[in-house]
Amino acid sequence: MIRKIDVSFEQIIGLDNIKNKLEETIIMPNLRPDIYTGIRAPPKGILFYGPPGNGKTLLAKAIANQIKCCFFNISASTLVQKHLGEGEKLMKALFETAFQIQPSIIFIDEIDSILSKRSENEHEASRRLKTEFLISFDGMQTSDQDRVFLIAATNRPQDLDEAVLRRFTVKILIDQPEFNARIAMIKSYMTNVQNILTDQQFQSISEMLQGYSASDIRAVVKEACMQPLREDQSLIFSIHKQDIRAVNKEDFDQAMQKVKPTLSQKQYEEYVKHFK
Ligand SMILES: Nc1ncnc2c1ncn2[C@@H]1O[C@H](COP(=O)(O)OP(=O)(O)OP(=O)(O)O)[C@@H](O)[C@H]1O
Ligand SMILES: [Mg+2]
């Protein structure tokens, strides 16, 4: 459950307000628990939500890297077990352990897959898992002094059970990157690749990447950087690395023809209006 994670806050581009907020709600309270008590006590749960591929998982990993406490990284699939009752036992054990060795953070990624809205015809096991989650989460709240913190991430907030949602007092939208963040991303993804793009061309590429997620942008940059290698593949074996043609604006134009954003404008708006 606990693994060495090497994602730093600097690697995450854009999202500056969010990083500051996390500093205040998680990192500082973790370093100075004596100050952040009473009315200043941090929230018990944070939910990251928003369109896929914009850094929800990345942020949680960066937090794990920054703090000096136990970090339980649990994927939803481990909690969905074959045998009836196993999943809820695991959930219970997880919260108990986190409580015993606090300060600790529990991170549940893709939380929608286990804690979706309750329905008439759902499986007994999944209903019990939800109940156990609600009980365990409330159990965590017994006192101000307790330092168990829950982070969850989802790209389907609309599917989450209301009772679960209500327990996350802080909900943070991890949105698609804006204009300047997109430029920074393009530059950072191609640091080791030669290019002859002017500032103006970077800007116009960023303009055209409106509506792309961070991982879509990565795909576009990758595609553009592959173009010079595709022109004459027979040369690949003999060419010197420094003689490879630099990436230009046309490469990006072609890449954007091939790589389209994951979400349409309409699908994206569905996300953003949530919780507002
Ligand atoms: N803010 C960012 N800065 C730099 N790279 C990013 C950023 N956000 C996403 N990426 C890139 O996109 C990839 C996917 O990001 P991540 O796994 O955090 O997305 P996610 O929001 O958790 O998506 P999902 O909802 O599908 O789980 C990362 O590995 C990284 O390469
Ligand atoms: Mg994720």
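Order of listing sets the numbers, starting from 1, for every ligand and every atom in it.
Atom 12 (O) of ligand 1 has as its closest protein heavy atom S215 CB, 3.4 Å. Ranking the protein heavy atoms by distance from atom 31 (O) of ligand 1 puts R218 CD, 3.6 Å first. Among protein heavy atoms, atom 27 (O) of ligand 1 sits closest to E110 OE2, 3.0 Å. At the top of the distance list for atom 4 (C) of ligand 1, counting protein heavy atoms only, stands Y189 OH, 3.4 Å. For atom 22 (O) of ligand 1, the closest non-hydrogen atom of the protein is T57 OG1, 2.7 Å.
At most 12 non-hydrogen atoms from other residues, nucleotides or ligands lie less than 6.0 angstrom from CZ of R40. Open room surrounds NZ on K222; 12 or fewer heavy atoms of other groups in view lie less than 6.0 Å from it.
At least one heavy atom of G53 sits closer than 4.0 Å to an atom of ligand 1.
Residues P51 and Q176 come closest through the heavy atom pair CG-CG, 4.1 Å. Here the closest heavy-atom approach between residue P228 and residue V247 is recorded as CG-CG2, 4.0 Å. Nearest heavy atoms, Y36 versus M28: OH-CB, 3.4 Å.
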Residues I174, I18; criterion side-chain contact (heavy atoms from CB on, under 4.5 Å); working and verdict: CA-CA 8 Å; I174 310 296; I18 292 164; 4.0 Å; yes
Is there a side-chain contact (heavy atoms from CB on, under 4.5 Å) between D112 and Y49? Walk through the geometry before answering. CA-CA 10 Å; D112 52 281; Y49 72 99; over 6 Å; no
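Put simply, the side chain of S113 gets close to the backbone of E110: a donor and an acceptor are under 3.5 Å apart. Not one N or O on the side chain of N20 forms a donor-acceptor pair closer than 3.5 Å with the backbone of N17.
Here's the thing with I13: one of its N/O atoms is less than 3.5 angstrom from an N/O atom of ligand 1. For G55, a nitrogen or oxygen atom sits less than 3.5 Å from a nitrogen or oxygen atom of ligand 1, counting backbone and side chain alike. The shortest N or O to N or O distance between L15 and ligand 1 is not below 3.5 Å.
At least one side-chain heavy atom of F133 sits under 4.5 Å from a side-chain heavy atom of L115.
Judged by the 6.0 Å and 45° rule, K187 forms a cation-pi pair with F202.
Short contacts between ligand 1 and Q11, defined as distances under 4.0 Å to a heavy atom of the residue, involve ligand atoms 3 (N), 4 (C).
Taking 2.8 Å as the limit, the number of protein N, O or S atoms around the Mg ion (ligand 2) is 1.
If you check each of A214, S188, A62 against atom 10 (N) of ligand 1, the one with the closest non-hydrogen atom is A214.
The parts of L58 lying near ligand 1 are both backbone and side chain, judged by heavy-atom distances below 4.0 Å.
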